[in-house]
**Q** 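Next up is a structure, given as structure tokens.
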Amino acid sequence: MQETFFTSKDATQLTGCTLRQIQYWRERGIVVPVISGTGTGRSIYYSRSNLVELAAMVYWLSTGISFDVACQVLKQLKEQAPDLFISGQGKRFMLLLSQDDSLCLVEFDRKRAIASLDQGKAVIPLWLDIIYQQLANRLPK
């Protein structure tokens, strides 16, 4: 099966980010397109896994997570589960406020989330399965 690639314009339409955002993220090495030539956006192409990364960034930023934290979470996910964005399997994670007031990324555990909320600590869900589903509904068949 041949992989489909998407232009920068396609990527923005499918994920909800702007051309400026993906340019900035590409320049900073946050979301690196699989085909990235120098010069204009016409020589840059994103894979489906790149689209998931872009959609995840858009989602996290929309929840109020800071840009730096969103970048850190994406990097951490890529390191912990390198095939997570490629395989199409949706997992659920959560960001929890730890004792030192930093956010830590863990797999979703309902009891742990409720316990944290009961203690007045922040819990931010990261439903990659929903991001996959929404993106899949927008992708061409």
Side-chain angles (χ1 to χ4, degrees), residues 1-117 119-141:
M1 185 160 118
Q2 189 172 354
E3 186 169 2
T4 306
F5 297 101
F6 304 89
T7 65
S8 297
K9 186 176 179 181
D10 294 336
T12 61
Q13 292 171 343
L14 292 166
T15 62
C17 63
T18 66
L19 282 170
R20 181 64 187 116
Q21 282 176 311
I22 63 172
Q23 177 188 6
Y24 183 78
W25 297 342
R26 181 180 71 243
E27 290 169 354
R28 300 294 177 268
I30 298 161
V31 178
V32 180
V34 292
I35 301 172
S36 181
T38 58
T40 66
R42 286 183 229 141
S43 58
I44 296 169
Y45 293 94
Y46 292 87
S47 67
R48 286 179 185 252
S49 62
N50 289 143
L51 294 182
V52 174
E53 293 174 30
L54 291 170
M57 284 292 292
V58 169
Y59 168 73
W60 294 327
L61 293 172
S62 75
T63 64
I65 295 174
S66 74
F67 176 74
D68 291 335
V69 171
C71 293
Q72 181 183 15
V73 169
L74 184 63
K75 181 181 177 186
Q76 192 175 355
L77 280 174
K78 287 188 209 179
E79 289 171 358
Q80 286 180 358
D83 63 335
L84 185 64
F85 293 97
I86 298 168
S87 66
Q89 70 182 54
K91 281 195 168 183
R92 292 186 172 197
F93 295 91
M94 60 185 176
L95 289 171
L96 295 176
L97 192 61
S98 65
Q99 301 292 4
D100 63 353
D101 288 337
S102 64
L103 290 172
C104 62
L105 178 70
V106 296
E107 277 202 53
F108 181 75
D109 177 339
R110 182 181 170 100
K111 289 180 182 180
R112 187 171 178 187
I114 291 171
S116 292
L117 289 170
Q119 295 171 8
K121 294 182 181 179
V123 176
I124 302 169
L126 304 173
W127 299 151
L128 289 180
D129 57 340
I130 292 174
I131 292 171
Y132 280 121
Q133 184 66 37
Q134 290 172 345
L135 190 56
N137 291 339
R138 294 183 201 143
L139 290 174
K141 304 292 183 208

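In this text, all values refer to a predicted model and were calculated from it rather than measured experimentally.
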**Q** Just so I know, are the side chains of Thr18 and Gln23 near enough to count as touching, which here means a heavy-atom distance under 4.5 Å?
**A**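 Thr18 vs Gln23: side chains apart.
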**Q** Considering residues at least two apart in sequence or located in another chain, which fulfil the side chain to side chain contact (heavy atoms under 4.5 Å, CB included) criterion with Arg28?
**A** Tyr24, Ile30
**Q** So do the side chains of Val52 and Arg48 get within less than 4.5 Å of each other, counting heavy atoms only?
**A**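 A side-chain contact is absent here, since even the closest heavy-atom pair is not under 4.5 Å.
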**Q** Just do the side-chain contact (heavy atoms from CB on, under 4.5 Å) check on Arg112 and Leu96 with the steps written out, would you?
**A** CA-CA 9 Å; Arg112 187 171 178 187; Leu96 295 176; 3.3 Å; yes
**Q** Kindly indicate, with the supporting measurements, whether the criterion side-chain contact (heavy atoms from CB on, under 4.5 Å) is fulfilled by Val106 and Met94.
**A** CA-CA 6 Å; Val106 296; Met94 60 185 176; 3.7 Å; yes
**Q** Considering only distance and modelled atom types, tabulate donor-acceptor pairs under 3.5 Å from the side chains of residues 63-71, sequence neighbours left out.
**A**
| from | atom 1 | to | atom 2 | distance (Å) |
| --- | --- | --- | --- | --- |
| Thr63 | OG1 | Trp60 | O | 2.6 |
| Ser66 | OG | Val69 | N | 3.2 |

**Q** For Lys75, does the NZ atom sit with more than 12 other heavy atoms under 6.0 Å from it, leaving out its own atoms?
**A** no
**Q** Arg92 side chain to Phe108 main-chain N or O, any donor-acceptor pair under 3.5 Å?
**A** no
**Q** Measuring from atom OH of Tyr46 to atom CD1 of Ile35, what distance do you get when rounded to the nearest 0.5 angstrom?
**A** 11.5 Å
**Q** Tell me whether Asn50 contacts the main-chain N or O of Val31 through its side chain, where contact means a donor paired with an acceptor under 3.5 Å.
**A** no
**Q** Under the side chain to side chain contact (heavy atoms under 4.5 Å, CB included) test, which residues partner Gln72, sequence neighbours left out?
**A** none
**Q** Within the 4.5 Å heavy-atom criterion, are Cys17 and Trp25 side-chain neighbours or not?
**A** yes
